[in-house]
Amino acid sequence: MSIVKINALTVPAEQREVLERRFASRAGAVESSDGFEWFELLRPVEGTDQYLVYTRWRSEEDFQAWMEGPMKAAHQGGGAAGGGEGGERPKPAASASTVWSFEVVQQAAPKKA
């Protein structure tokens with residue numbers, strides 16, 4: 001079965017728009033990564049200031065390959081995601097980040113009519 005990585009990002013209210021804009025303009029390299037299965041950016045509705053970045057992968061090895069390759073490259077230097085002035089790295093939109101890891105042990109999809 002697949003594995004799930006959830007990055008819980010603490011995002012102050014004044015940075016929410018910045019975070020969402022950065023994710024919307026991301027290069028999309030994750031979608032073409034070997035073993036990638038799913039991505040969702042979840043906006044908090046009430047009771048928390050944490051966004052959840054949900055990714056699903058075929059295996060831990062596929063996730064680690066993405067972390068060491070495309071993800072690492074995208075987050076080094078100026079990067080396309082930030083658009084900092086004069087090549088400067090933009091200030092992070094999140095004030096904290098925690099990654100949770102899960103194995104998928106059960107799943108269900110809607111029944112076909």
Side-chain angles (χ1 to χ4, degrees):
M1 284 270 194
S2 303
I3 62 144
V4 169
K5 300 292 182 172
I6 298 173
N7 192 354
L9 302 172
T10 302
V11 182
E14 65 275 7
Q15 290 293 96
R16 286 179 164 204
E17 197 173 307
V18 171
L19 179 88
E20 291 181 24
R21 187 172 56 247
R22 287 180 184 169
F23 270 95
S25 66
R26 63 186 168 57
V30 71
E31 286 90 338
S32 59
S33 295
D34 191 40
F36 170 79
E37 296 178 353
W38 199 259
F39 161 86
E40 290 178 322
L41 176 62
L42 306 176
R43 177 193 299 140
V45 177
E46 60 184 51
T48 186
D49 58 355
Q50 288 191 313
Y51 275 73
L52 299 181
V53 182
Y54 173 102
T55 57
R56 184 171 165 146
W57 298 86
R58 176 180 54 210
S59 69
E60 179 68 26
E61 293 76 20
D62 291 324
F63 171 74
Q64 292 301 327
W66 174 74
M67 287 288 289
E68 290 302 315
M71 194 286 298
K72 190 173 188 177
H75 287 84
Q76 288 179 337
E85 296 282 329
E88 293 177 20
R89 188 162 170 81
K91 178 184 172 202
S95 62
S97 173
T98 303
V99 177
W100 302 329
S101 300
F102 299 89
E103 291 179 326
V104 177
V105 293
Q106 293 183 24
Q107 62 185 14
K111 291 184 179 183
K112 305 283 185 201

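Hydrophobic cluster membership differs between Phe63 and Leu52, with clusters built from Ile, Leu, Val, Met, Phe, Trp and Tyr side chains linked at under 4.5 angstrom. Taken together through direct or relayed side-chain contacts under 4.5 Å among Ile, Leu, Val, Met, Phe, Trp and Tyr, Tyr54 and Phe39 form parts of separate hydrophobic clusters. Grouping the Ile, Leu, Val, Met, Phe, Trp and Tyr side chains by contacts below 4.5 angstrom, directly or via other members, places Trp38 apart from Leu9. Connection of Val11 to Ile6 is not established within any shared hydrophobic cluster, with ILVMFWY side chains joined at heavy-atom distances below 4.5 Å, either directly or through further cluster members. Cluster annotation: Leu42 and Val104 are assigned to the same hydrophobic cluster (Ile/Leu/Val/Met/Phe/Trp/Tyr, side-chain heavy-atom contacts under 4.5 Å, transitive).
The shortest non-hydrogen separation linking Asp49 to Pro44 is C-CG, 4.3 Å. Residues Lys5 and Ser101 share a closest heavy-atom pair of NZ-OG, 2.7 Å. Closest of all the heavy-atom pairs between Ala93 and Pro12 is O-CD, 3.6 Å.
Between Glu61 atom CD and Ile3 atom CD1 the span is 8.0 Å, to the nearest 0.5 Å. Taking CD of Gln50 as the start and OG1 of Thr10 as the end, the distance is 4.0 Å to the nearest 0.5 Å.
Applying the 6.0 Å contact sphere to CZ of Arg58 captures more than 12 heavy atoms from other residues, nucleotides or ligands. Other residues, nucleotides and ligands contribute more than 12 heavy atoms inside 6.0 Å of the CD atom of Glu40. For Glu37, the CD atom is densely surrounded, since the number of other residues' heavy atoms within 6.0 Å is greater than 12.
Within the 4.5 Å cutoff, the side chain of Trp57 has heavy atoms near those of the Phe36 side chain. Using a 4.5 Å heavy-atom cutoff, the side chains of Val53 and Phe23 are in contact.
In this structure, a donor-acceptor pair under 3.5 Å is present between the side chains of Gln64 and Glu60.
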